[in-house]
Amino acid sequence: MAEPAGLDVVVTTMASDSHTWNLVFLQLLLEELGHRVTNLGACVPDELLVAECRRVEPDLIVLSSVNGHGFNDGLRVIEALRACPELARTPTVIGGKLGISGSGTPARQRALMAAGFDGVFEEGGSVLDFQSFVGSLPVGAARTLPTASVARALPAGSGALL
């Protein structure tokens, strides 16, 4: 039997974020692109996120924040994911409303990338950058990224993406 096309993707918020519509949007978008999605839902404790990602063995982890605490929560979560040998190289992105002081802060994006994220997709921009990143990932590969990771500052005015 042939390997199914598309990526296995985990979509989730972090422990402090109770929003779900962003996750529904991401799940539908990714499924429309041909990927299989495990949606962990809202308010996911770090330990549960790591355990589920170890169980699912995703090709991509997508962390979404709407409450403005994504930066702080993301730093904590990426540390836990990267500390797990099975997930240390799994492409992981974060997006949405990552802070309360507005979007597109270059220092915040650099800090998230330095902490271990492979992509940062802040609120207010086109979904095309996210789709492009997802499309650049090899299907079923051994969790390796394209030649360079990306930080995306999305233009203001379009609402939270992730």
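Every heavy atom of this structure was used, including side-chain atoms; hydrogens, water molecules and symmetry mates were not. Remember, it's a predicted structure, so these values are computed and weren't measured experimentally.
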- Query: Does CD belonging to E79 count more than 12 external heavy atoms closer than 6.0 Å?
  - Reply: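 No, not enclosed.
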If you round to the nearest 0.5 Å, how far is [atom2] of [Y] from [atom1] of [X]?
X    : Y    : atom1 : atom2 : answer
D118 : I94  : CG    : CD1   : 12.0 Å
E122 : R108 : CD    : CZ    : 4.0 Å
F117 : L75  : CZ    : CG    : 7.0 Å
Q27  : L40  : CD    : CG    : 10.5 Å

- Task: Decide yes or no on side chain to side chain contact (heavy atoms under 4.5 Å, CB included) for T38 and D8, but give the supporting numbers first.
- Result: CA-CA 8 Å; T38 301; D8 288 310; over 6 Å; no
For [X] and [Y], work out which heavy atoms get closest and say how close.
X   : Y    : result
F71 : A111 : CE1-CB, 3.8 Å
S64 : L23  : CB-CD2, 4.0 Å
A42 : T20  : CB-CG2, 3.8 Å
H69 : S16  : CB-OG, 3.9 Å

- Message: Is there a side chain to side chain contact (heavy atoms under 4.5 Å, CB included) between V127 and L29? Walk through the geometry before answering.
- Response: CA-CA 9 Å; V127 72; L29 172 68; 3.4 Å; yes
Do the non-hydrogen side-chain atoms of [X] and [Y] ever get within less than 4.5 Å of each other?
X   : Y   : answer
N39 : L26 : no
V66 : W21 : no
T92 : R82 : yes

- Could you go step by step and tell me if Q109 and L112 meet the side chain to side chain contact (heavy atoms under 4.5 Å, CB included) rule? CA-CA 5 Å; Q109 293 170 357; L112 289 165; 5.8 Å; no
- Item | Cluster link V24 to V62, ILVMFWY, side chain under 4.5 Å |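 No; tracing contacts between hydrophobic side chains, which count when under 4.5 Å, never links both residues.
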- Same apolar cluster: L128 and F130, side chain cutoff 4.5 Å: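 Looking at the clustering, F130 is in a separate group from L128.
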- Task: May I ask you to check whether D17 and H19 show a side-chain donor-acceptor distance below 3.5 Å?
- Result: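 On atom types as modelled, these side chains qualify, holding a pair under 3.5 Å.
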- Side chains of S65 and D73: is there a donor and an acceptor less than 3.5 Å apart?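 Side-chain D/A pair, S65 to D73: absent.
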- Message: Which residues pass the salt bridge (Lys or Arg N to Asp or Glu O under 4.0 Å) test with E52, not counting sequence neighbours?
- Response: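 With sequence neighbours excluded, E52 shows a salt bridge (Lys or Arg N to Asp or Glu O under 4.0 Å) to R55, given in chain and number order.
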- Counterpart residues, salt bridge (Lys or Arg N to Asp or Glu O under 4.0 Å), relative to R54 (two or more places apart):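 Testing R54 for salt bridge (Lys or Arg N to Asp or Glu O under 4.0 Å), a comparison that skips the adjacent residues, returns E86.
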- Query: Does V77 offer a backbone N or O that forms a donor-acceptor pair with the side chain of D46 under 3.5 Å?
  - Reply: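 Looks like no, no N/O pair under 3.5 Å.
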- Sequence neighbours left out, what passes side-chain contact (heavy atoms from CB on, under 4.5 Å) with H35? Give chain and number order.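 Listed in chain order: L7, V9, L30, L33, V134.
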- Task: Using the side chain to side chain contact (heavy atoms under 4.5 Å, CB included) rule, take C53 and T90 through it: C-alpha gap first, then chi angles, then the decisive distance, then the call.
- Result: CA-CA 10 Å; C53 287; T90 303; over 6 Å; no
